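Step one of this worksheet: look at the structure below.
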Amino acid sequence: MRVDPRDVIRVKRDGGRLGPELIDDFLTGYVEGRVEDYHASALLMAIFCHGLDDVELLAWTRSMLESGTTFDWSHLDGPMVDKHSTGGVGDKVSIPLAPALVACGAKVPMISGRGLGHTGGTLDKLEAYPGLRTELPIERIRSQMEELGFFIAAQTPDLVPADRKLYALRDAAGLVEAIPLIASSILSKKLAEGLDALVLDVKFGAGSFLPDHEKGLRLAGRMAGLAKGFGLPMTVVLSSMEQPLGRMVGHANEINESLDCLRGEGPRDLVDLTVRQGGEALLACGLAEVLQAGEDRMRASFSDGSAMEVFQHFLKAQGAEGDLSKDLPTASGEAFLVAPKDGYLACLDCRQVGVALQALGGARVEIGGGLDHGVGLEVLARHGDWVEGGQPLVHITHRDGKGVEEAQMHLARAYQVALEPPNPVGETRTLV
Ligand code: URA
(Lines give C-alpha, C1' and ligand atoms only; values in the text may rest on other atoms or scores of the structure.)
Protein backbone atom coordinates (compact mmCIF):
# COMPACT_ATOMS: atom_id res chain seq x y z
CA MET A 1 0.00 0.00 0.00
CA ARG A 2 1.23 3.52 -0.75
CA VAL A 3 -0.50 6.20 1.30
CA ASP A 4 -0.05 9.94 0.96
CA PRO A 5 1.92 10.81 4.16
CA ARG A 6 -0.25 13.91 4.58
CA ASP A 7 -3.30 11.67 5.07
CA VAL A 8 -1.53 9.87 7.93
CA ILE A 9 -0.58 13.20 9.52
CA ARG A 10 -4.17 14.47 9.21
CA VAL A 11 -5.57 11.45 11.08
CA LYS A 12 -3.31 12.00 14.10
CA ARG A 13 -3.47 15.80 13.89
CA ASP A 14 -7.25 15.54 14.34
CA GLY A 15 -6.91 13.15 17.29
CA GLY A 16 -7.79 9.99 15.31
CA ARG A 17 -6.45 6.46 15.54
CA LEU A 18 -3.79 5.13 13.15
CA GLY A 19 -4.28 1.63 11.79
CA PRO A 20 -1.27 -0.72 11.53
CA GLU A 21 -1.12 -0.42 7.70
CA LEU A 22 -0.95 3.37 7.82
CA ILE A 23 1.78 3.26 10.45
CA ASP A 24 3.79 0.66 8.57
CA ASP A 25 3.49 2.44 5.26
CA PHE A 26 4.58 5.74 6.80
CA LEU A 27 7.58 4.34 8.68
CA THR A 28 8.72 2.13 5.80
CA GLY A 29 8.46 5.15 3.51
CA TYR A 30 10.46 7.24 5.95
CA VAL A 31 13.32 4.73 6.12
CA GLU A 32 13.28 4.35 2.30
CA GLY A 33 13.27 8.14 1.77
CA ARG A 34 9.76 8.36 0.24
CA VAL A 35 8.50 10.18 3.32
CA GLU A 36 10.41 13.38 4.08
CA ASP A 37 11.72 14.70 7.40
CA TYR A 38 9.08 17.44 7.34
CA HIS A 39 6.31 14.80 7.11
CA ALA A 40 7.85 12.79 9.93
CA SER A 41 8.29 15.79 12.21
CA ALA A 42 4.65 16.82 11.65
CA LEU A 43 3.48 13.30 12.57
CA LEU A 44 5.77 13.17 15.60
CA MET A 45 4.37 16.49 16.82
CA ALA A 46 0.82 15.17 16.37
CA ILE A 47 1.78 12.08 18.38
CA PHE A 48 3.40 14.31 20.99
CA CYS A 49 0.08 16.13 21.38
CA HIS A 50 -2.42 13.24 21.01
CA GLY A 51 -0.37 10.18 22.01
CA LEU A 52 -0.70 6.61 20.72
CA ASP A 53 -3.08 4.10 22.29
CA ASP A 54 -1.85 0.60 23.15
CA VAL A 55 -2.80 -0.93 19.78
CA GLU A 56 -1.16 1.93 17.86
CA LEU A 57 1.94 1.76 20.05
CA LEU A 58 2.33 -1.96 19.42
CA ALA A 59 2.02 -1.44 15.65
CA TRP A 60 4.40 1.55 15.72
CA THR A 61 7.03 -0.42 17.68
CA ARG A 62 6.63 -3.48 15.43
CA SER A 63 7.21 -1.38 12.30
CA MET A 64 10.30 0.19 13.87
CA LEU A 65 11.64 -3.22 14.87
CA GLU A 66 11.01 -4.67 11.41
CA SER A 67 12.73 -1.75 9.67
CA GLY A 68 16.11 -3.53 10.02
CA THR A 69 18.05 -6.60 11.10
CA THR A 70 17.10 -8.52 14.25
CA PHE A 71 19.34 -11.00 16.02
CA ASP A 72 18.53 -14.68 16.36
CA TRP A 73 20.69 -16.53 18.87
CA SER A 74 18.78 -19.83 18.83
CA HIS A 75 22.02 -21.68 17.93
CA LEU A 76 23.64 -20.51 21.20
CA ASP A 77 23.16 -22.01 24.68
CA GLY A 78 22.13 -19.89 27.62
CA PRO A 79 19.39 -17.34 28.06
CA MET A 80 19.82 -13.88 26.47
CA VAL A 81 19.31 -11.08 28.97
CA ASP A 82 19.90 -7.37 29.07
CA LYS A 83 19.01 -4.32 31.09
CA HIS A 84 18.16 -0.78 30.15
CA SER A 85 18.28 2.29 32.35
CA THR A 86 16.42 5.49 31.65
CA GLY A 87 19.69 7.16 32.64
CA GLY A 88 21.13 9.34 35.32
CA VAL A 89 24.21 10.84 36.94
CA GLY A 90 26.97 8.34 37.76
CA ASP A 91 24.88 5.40 36.54
CA LYS A 92 27.58 2.94 35.49
CA VAL A 93 25.64 -0.22 36.46
CA SER A 94 25.80 -1.81 32.98
CA ILE A 95 29.60 -2.04 33.13
CA PRO A 96 29.89 -4.41 36.14
CA LEU A 97 26.44 -5.96 35.56
CA ALA A 98 26.95 -7.38 32.06
CA PRO A 99 30.13 -9.43 32.77
CA ALA A 100 28.68 -10.61 36.09
CA LEU A 101 25.58 -11.94 34.30
CA VAL A 102 27.83 -13.78 31.83
CA ALA A 103 29.82 -15.25 34.72
CA CYS A 104 26.47 -16.48 36.11
CA GLY A 105 25.60 -18.35 32.90
CA ALA A 106 23.59 -15.80 30.88
CA LYS A 107 24.48 -14.20 27.56
CA VAL A 108 24.29 -10.44 27.15
CA PRO A 109 23.83 -8.85 23.71
CA MET A 110 23.92 -5.22 24.88
CA ILE A 111 23.20 -2.45 22.39
CA SER A 112 23.93 0.67 24.34
CA GLY A 113 23.80 4.44 23.96
CA ARG A 114 25.83 7.59 24.32
CA GLY A 115 25.30 10.33 26.85
CA LEU A 116 23.66 13.57 25.95
CA GLY A 117 23.21 16.49 28.31
CA HIS A 118 23.46 15.77 32.01
CA THR A 119 23.18 11.93 31.86
CA GLY A 120 26.12 9.76 30.86
CA GLY A 121 26.25 6.93 28.33
CA THR A 122 27.82 3.48 28.73
CA LEU A 123 29.59 3.62 25.34
CA ASP A 124 31.30 6.91 26.18
CA LYS A 125 32.44 5.52 29.53
CA LEU A 126 33.93 2.40 27.93
CA GLU A 127 35.68 4.52 25.30
CA ALA A 128 37.80 5.97 28.14
CA TYR A 129 39.89 2.85 27.37
CA PRO A 130 42.31 3.78 24.59
CA GLY A 131 41.56 1.66 21.51
CA LEU A 132 38.26 0.20 22.75
CA ARG A 133 35.77 -0.01 19.88
CA THR A 134 32.03 0.26 20.37
CA GLU A 135 31.00 0.77 16.74
CA LEU A 136 31.12 -2.90 15.74
CA PRO A 137 29.99 -4.33 12.40
CA ILE A 138 27.14 -6.79 12.68
CA GLU A 139 29.36 -9.77 11.74
CA ARG A 140 31.81 -8.87 14.52
CA ILE A 141 28.90 -8.66 16.97
CA ARG A 142 27.75 -12.14 15.95
CA SER A 143 31.20 -13.70 16.25
CA GLN A 144 31.86 -12.06 19.63
CA MET A 145 28.57 -13.44 20.94
CA GLU A 146 29.65 -16.89 19.82
CA GLU A 147 33.12 -16.57 21.41
CA LEU A 148 32.32 -14.62 24.56
CA GLY A 149 28.53 -14.56 24.93
CA PHE A 150 28.67 -10.83 25.45
CA PHE A 151 29.19 -7.51 23.72
CA ILE A 152 28.47 -3.86 24.48
CA ALA A 153 28.16 -1.93 21.24
CA ALA A 154 26.42 0.95 19.52
CA GLN A 155 23.31 0.55 17.41
CA THR A 156 24.54 -0.42 13.92
CA PRO A 157 23.12 1.25 10.77
CA ASP A 158 21.09 -1.88 9.95
CA LEU A 159 19.61 -2.26 13.46
CA VAL A 160 16.28 -0.44 13.85
CA PRO A 161 17.13 2.21 11.19
CA ALA A 162 13.70 3.79 11.76
CA ASP A 163 14.80 4.64 15.32
CA ARG A 164 18.14 6.11 14.17
CA LYS A 165 16.30 8.50 11.84
CA LEU A 166 13.41 9.27 14.17
CA TYR A 167 15.61 9.81 17.23
CA ALA A 168 17.85 12.33 15.39
CA LEU A 169 14.74 14.11 14.13
CA ARG A 170 13.10 14.16 17.58
CA ASP A 171 16.28 15.57 19.06
CA ALA A 172 16.47 18.32 16.40
CA ALA A 173 12.77 19.17 16.69
CA GLY A 174 12.44 19.19 20.50
CA LEU A 175 10.29 16.04 20.51
CA VAL A 176 12.29 13.66 22.67
CA GLU A 177 10.10 13.67 25.80
CA ALA A 178 6.96 11.95 24.46
CA ILE A 179 6.24 8.77 26.42
CA PRO A 180 5.03 6.55 23.50
CA LEU A 181 8.01 7.69 21.40
CA ILE A 182 10.49 6.96 24.20
CA ALA A 183 8.89 3.57 24.94
CA SER A 184 8.94 2.46 21.28
CA SER A 185 12.46 3.78 20.71
CA ILE A 186 13.94 1.89 23.67
CA LEU A 187 11.97 -1.32 23.24
CA SER A 188 12.42 -1.63 19.46
CA LYS A 189 16.21 -1.74 20.03
CA LYS A 190 15.95 -4.17 22.94
CA LEU A 191 13.59 -6.45 20.98
CA ALA A 192 16.05 -6.45 18.05
CA GLU A 193 18.69 -7.90 20.39
CA GLY A 194 16.79 -11.22 20.46
CA LEU A 195 16.31 -11.33 24.25
CA ASP A 196 14.69 -13.87 26.56
CA ALA A 197 14.36 -11.33 29.39
CA LEU A 198 14.93 -7.65 30.08
CA VAL A 199 15.32 -5.59 33.26
CA LEU A 200 14.25 -1.97 32.92
CA ASP A 201 15.63 0.47 35.49
CA VAL A 202 13.37 3.51 35.62
CA LYS A 203 15.12 6.33 37.47
CA PHE A 204 13.26 8.91 39.49
CA GLY A 205 14.51 12.14 41.10
CA ALA A 206 16.18 15.34 39.92
CA GLY A 207 19.15 13.62 38.21
CA SER A 208 17.00 11.37 36.02
CA PHE A 209 15.95 11.74 32.41
CA LEU A 210 12.29 12.05 33.48
CA PRO A 211 12.44 13.78 36.91
CA ASP A 212 8.66 13.86 37.20
CA HIS A 213 7.90 10.69 39.18
CA GLU A 214 4.43 10.31 37.73
CA LYS A 215 5.83 10.51 34.16
CA GLY A 216 8.46 7.90 35.04
CA LEU A 217 5.71 5.56 36.26
CA ARG A 218 3.69 6.16 33.09
CA LEU A 219 6.74 5.31 30.95
CA ALA A 220 7.29 2.14 32.99
CA GLY A 221 3.62 1.17 32.54
CA ARG A 222 3.63 1.76 28.76
CA MET A 223 6.86 -0.22 28.39
CA ALA A 224 5.55 -3.08 30.53
CA GLY A 225 2.42 -3.26 28.33
CA LEU A 226 4.51 -3.22 25.16
CA ALA A 227 6.91 -5.91 26.39
CA LYS A 228 3.89 -8.08 27.25
CA GLY A 229 2.46 -7.49 23.77
CA PHE A 230 5.70 -8.81 22.26
CA GLY A 231 5.90 -11.73 24.73
CA LEU A 232 9.15 -10.45 26.27
CA PRO A 233 9.47 -11.10 30.04
CA MET A 234 10.45 -7.72 31.51
CA THR A 235 11.00 -6.68 35.12
CA VAL A 236 10.75 -2.99 35.99
CA VAL A 237 12.91 -1.69 38.83
CA LEU A 238 12.39 1.86 40.14
CA SER A 239 15.52 3.45 41.58
CA SER A 240 16.53 6.81 42.99
CA MET A 241 18.51 9.37 41.04
CA GLU A 242 18.20 11.97 43.79
CA GLN A 243 21.98 11.91 44.28
CA PRO A 244 24.74 10.50 42.03
CA LEU A 245 25.00 6.71 42.01
CA GLY A 246 28.25 5.72 43.75
CA ARG A 247 30.95 8.32 44.37
CA MET A 248 32.33 8.82 40.87
CA VAL A 249 31.01 10.92 37.99
CA GLY A 250 32.95 11.24 34.72
CA HIS A 251 34.18 8.63 32.28
CA ALA A 252 37.56 7.32 33.49
CA ASN A 253 36.37 7.89 37.08
CA GLU A 254 33.30 5.73 36.49
CA ILE A 255 35.35 2.97 34.89
CA ASN A 256 37.59 2.90 37.97
CA GLU A 257 34.54 2.65 40.20
CA SER A 258 33.08 -0.12 38.01
CA LEU A 259 36.36 -2.02 38.45
CA ASP A 260 35.98 -1.63 42.23
CA CYS A 261 32.50 -3.09 41.92
CA LEU A 262 33.82 -6.01 39.85
CA ARG A 263 36.32 -6.65 42.66
CA GLY A 264 33.43 -6.69 45.12
CA GLU A 265 34.67 -3.46 46.69
CA GLY A 266 32.52 -0.71 45.15
CA PRO A 267 30.36 1.76 47.09
CA ARG A 268 27.35 0.13 48.67
CA ASP A 269 24.61 1.86 46.65
CA LEU A 270 26.28 0.92 43.35
CA VAL A 271 26.99 -2.68 44.36
CA ASP A 272 23.48 -3.15 45.78
CA LEU A 273 21.75 -1.79 42.66
CA THR A 274 23.95 -3.87 40.36
CA VAL A 275 23.27 -6.99 42.41
CA ARG A 276 19.53 -6.26 42.52
CA GLN A 277 19.25 -5.79 38.76
CA GLY A 278 21.40 -8.84 38.10
CA GLY A 279 19.32 -10.90 40.54
CA GLU A 280 16.13 -9.79 38.80
CA ALA A 281 17.64 -10.65 35.40
CA LEU A 282 18.72 -14.14 36.56
CA LEU A 283 15.26 -14.72 38.02
CA ALA A 284 13.50 -13.50 34.86
CA CYS A 285 15.54 -15.73 32.55
CA GLY A 286 15.25 -18.84 34.74
CA LEU A 287 18.84 -19.00 36.04
CA ALA A 288 17.62 -18.35 39.60
CA GLU A 289 14.47 -19.64 41.30
CA VAL A 290 14.10 -16.71 43.69
CA LEU A 291 15.51 -13.18 43.72
CA GLN A 292 17.77 -13.86 46.72
CA ALA A 293 19.44 -16.77 44.91
CA GLY A 294 20.08 -14.53 41.87
CA GLU A 295 21.53 -11.80 44.07
CA ASP A 296 23.78 -14.31 45.86
CA ARG A 297 25.12 -15.55 42.53
CA MET A 298 25.85 -11.99 41.45
CA ARG A 299 27.78 -11.25 44.65
CA ALA A 300 29.70 -14.52 44.31
CA SER A 301 30.75 -13.60 40.75
CA PHE A 302 32.33 -10.43 42.17
CA SER A 303 34.06 -12.07 45.12
CA ASP A 304 35.41 -15.11 43.22
CA GLY A 305 36.84 -12.98 40.38
CA SER A 306 34.76 -14.63 37.62
CA ALA A 307 32.96 -11.39 36.62
CA MET A 308 36.30 -9.57 36.40
CA GLU A 309 37.72 -12.36 34.24
CA VAL A 310 34.81 -11.99 31.76
CA PHE A 311 35.33 -8.21 31.74
CA GLN A 312 39.02 -8.64 30.87
CA HIS A 313 38.11 -10.94 27.95
CA PHE A 314 35.59 -8.32 26.83
CA LEU A 315 38.21 -5.53 26.90
CA LYS A 316 40.56 -7.60 24.78
CA ALA A 317 37.83 -8.61 22.32
CA GLN A 318 36.76 -5.00 21.77
CA GLY A 319 40.31 -3.74 21.26
CA ALA A 320 41.22 -1.99 24.55
CA GLU A 321 44.93 -1.29 24.76
CA GLY A 322 46.64 -1.74 28.11
CA ASP A 323 45.09 -3.25 31.16
CA LEU A 324 42.21 -2.37 33.47
CA SER A 325 42.87 1.00 35.13
CA LYS A 326 46.54 1.64 34.33
CA ASP A 327 46.03 3.35 30.98
CA LEU A 328 42.88 5.32 31.62
CA PRO A 329 43.20 9.05 30.90
CA THR A 330 43.36 11.42 33.88
CA ALA A 331 43.35 15.19 34.01
CA SER A 332 45.78 16.64 36.56
CA GLY A 333 44.01 19.79 37.84
CA GLU A 334 42.36 19.57 41.26
CA ALA A 335 39.73 21.72 42.96
CA PHE A 336 37.00 21.21 45.58
CA LEU A 337 33.51 22.19 46.56
CA VAL A 338 33.60 22.75 50.32
CA ALA A 339 30.79 22.90 52.88
CA PRO A 340 29.84 26.54 53.60
CA LYS A 341 28.97 25.73 57.27
CA ASP A 342 28.26 22.88 59.69
CA GLY A 343 25.06 20.91 59.12
CA TYR A 344 23.36 18.07 57.29
CA LEU A 345 24.16 17.72 53.61
CA ALA A 346 21.24 17.48 51.17
CA CYS A 347 21.53 16.78 47.45
CA LEU A 348 18.60 18.87 46.26
CA ASP A 349 19.29 19.01 42.51
CA CYS A 350 21.33 16.05 41.29
CA ARG A 351 20.97 17.22 37.69
CA GLN A 352 23.39 20.06 38.52
CA VAL A 353 26.13 17.48 39.24
CA GLY A 354 25.79 16.23 35.65
CA VAL A 355 25.81 19.80 34.38
CA ALA A 356 29.00 20.47 36.40
CA LEU A 357 30.69 17.58 34.58
CA GLN A 358 29.53 19.08 31.29
CA ALA A 359 31.11 22.44 32.30
CA LEU A 360 34.45 20.66 32.78
CA GLY A 361 34.19 19.29 29.22
CA GLY A 362 33.31 15.78 30.44
CA ALA A 363 29.91 15.46 28.76
CA ARG A 364 28.61 15.93 25.26
CA VAL A 365 26.63 19.08 24.49
CA GLU A 366 25.48 17.98 21.01
CA ILE A 367 25.09 14.67 19.15
CA GLY A 368 28.47 13.77 17.63
CA GLY A 369 30.35 16.34 19.77
CA GLY A 370 33.54 15.53 21.71
CA LEU A 371 34.18 15.02 25.41
CA ASP A 372 37.13 14.69 27.80
CA HIS A 373 37.27 11.22 29.40
CA GLY A 374 39.84 12.33 32.00
CA VAL A 375 37.91 15.02 33.88
CA GLY A 376 35.44 14.16 36.63
CA LEU A 377 33.97 14.51 40.08
CA GLU A 378 34.31 12.45 43.22
CA VAL A 379 31.48 12.93 45.68
CA LEU A 380 33.07 12.83 49.14
CA ALA A 381 29.94 13.17 51.31
CA ARG A 382 26.47 11.70 50.86
CA HIS A 383 22.94 13.03 51.20
CA GLY A 384 22.09 13.06 54.93
CA ASP A 385 25.72 13.13 56.21
CA TRP A 386 26.68 15.61 58.93
CA VAL A 387 29.45 17.84 57.51
CA GLU A 388 31.59 20.61 59.00
CA GLY A 389 32.17 24.05 57.50
CA GLY A 390 35.21 23.95 55.16
CA GLN A 391 35.00 20.16 54.71
CA PRO A 392 35.53 19.06 51.07
CA LEU A 393 32.24 17.76 49.62
CA VAL A 394 33.25 17.13 46.02
CA HIS A 395 36.72 16.60 44.54
CA ILE A 396 36.94 18.07 41.02
CA THR A 397 39.45 16.82 38.46
CA HIS A 398 39.87 19.37 35.66
CA ARG A 399 41.97 20.02 32.58
CA ASP A 400 43.99 23.27 32.86
CA GLY A 401 41.24 25.04 34.80
CA LYS A 402 38.63 24.62 32.06
CA GLY A 403 35.14 25.18 33.46
CA VAL A 404 36.14 24.90 37.14
CA GLU A 405 34.32 27.99 38.37
CA GLU A 406 31.21 27.08 36.42
CA ALA A 407 31.35 23.53 37.76
CA GLN A 408 31.69 24.83 41.35
CA MET A 409 28.67 27.08 40.79
CA HIS A 410 26.55 24.13 39.56
CA LEU A 411 27.72 21.94 42.44
CA ALA A 412 26.84 24.67 44.93
CA ARG A 413 23.31 24.63 43.45
CA ALA A 414 23.14 20.84 43.73
CA TYR A 415 24.04 20.65 47.43
CA GLN A 416 22.72 22.46 50.48
CA VAL A 417 23.81 22.30 54.12
CA ALA A 418 21.08 22.78 56.73
CA LEU A 419 20.49 22.18 60.44
CA GLU A 420 17.58 19.79 59.81
CA PRO A 421 18.39 16.36 58.31
CA PRO A 422 16.88 16.00 54.79
CA ASN A 423 14.28 13.41 53.84
CA PRO A 424 16.06 10.16 52.95
CA VAL A 425 16.40 9.26 49.26
CA GLY A 426 13.82 6.81 47.86
CA GLU A 427 14.32 3.05 48.08
CA THR A 428 14.80 0.78 45.08
CA ARG A 429 11.68 -1.27 44.40
CA THR A 430 10.45 -3.73 41.83
CA LEU A 431 7.33 -2.52 40.06
CA VAL A 432 6.40 -5.47 37.84
N1 URA B 1 16.69 6.54 24.91
C2 URA B 1 16.30 6.01 23.71
O3 URA B 1 16.89 5.07 23.22
N4 URA B 1 15.24 6.56 23.10
C5 URA B 1 14.56 7.60 23.61
O6 URA B 1 13.61 8.04 23.00
C7 URA B 1 14.97 8.14 24.85
C8 URA B 1 16.04 7.58 25.49
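The figures here come from the full heavy-atom set of this structure, side chains too, leaving out hydrogens, waters and symmetry mates. These numbers were taken from a predicted model, which means no experiment stands behind them. Both counts, for ligands and for their atoms, begin at 1 and track the order of listing.
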message = Quiz question: by atom type and distance under 3.5 Å, do the side chains of E280 and T430 form a donor-acceptor pair?
response = yes
inquiry  = Between S188 and D163, does the side-chain hydrogen bond (donor to acceptor under 3.5 Å, both in side chains) criterion hold? Intermediate values first, please.
reply    = CA-CA 8 Å; S188 58; D163 178 64; 4.8 Å; no
W73 and F151 aromatic ring geometry - parallel, tilted or perpendicular at 30°/60° bounds = tilted
ask   = For atom 3 (O) of ligand 1, which protein heavy atom lies nearest, and how many Å away is it?
value = K189 NZ, 2.5 Å
note = Numbered in order shown, the ligand 1 atoms found under 4.0 Å of a heavy atom of I186 are 1 (N), 2 (C), 3 (O), 4 (N)
message = For the 3.5 Å polar cut-off, considering only N or O atoms, please tell me whether H84 and ligand 1 meet it.
response = no
Within-shell test, I182 vs ligand 1, heavy atom, strictly < 4.0 Å = yes
query = With sequence neighbours excluded, what pairs up with E295 under the salt bridge (Lys or Arg N to Asp or Glu O under 4.0 Å) test?
reply = none
request  = Could you check which of G121, S185, S112, A178 puts a non-hydrogen atom nearest to atom 2 (C) of ligand 1?
outcome  = S185
note = the protein heavy atom lying closest to atom 6 (O) of ligand 1 turns out to be R170 NH2, 2.8 Å
ask   = With a cut-off of 4.0 Å, which atoms of ligand 1 are near a heavy atom of Y167?
value = 4 (N), 5 (C), 6 (O), 7 (C)
ask   = Residues two or more places apart in sequence or in another chain: which of them pass ring-ring contact (aromatic ring centres under 6.0 Å, His included) with F150?
value = F314
inquiry  = Whether K165 engages the ring of Y30 as a cation-pi pair (distance to the six-membered ring centre under 6.0 angstrom, angle to the ring normal within 45°) should be assessed.
reply    = yes
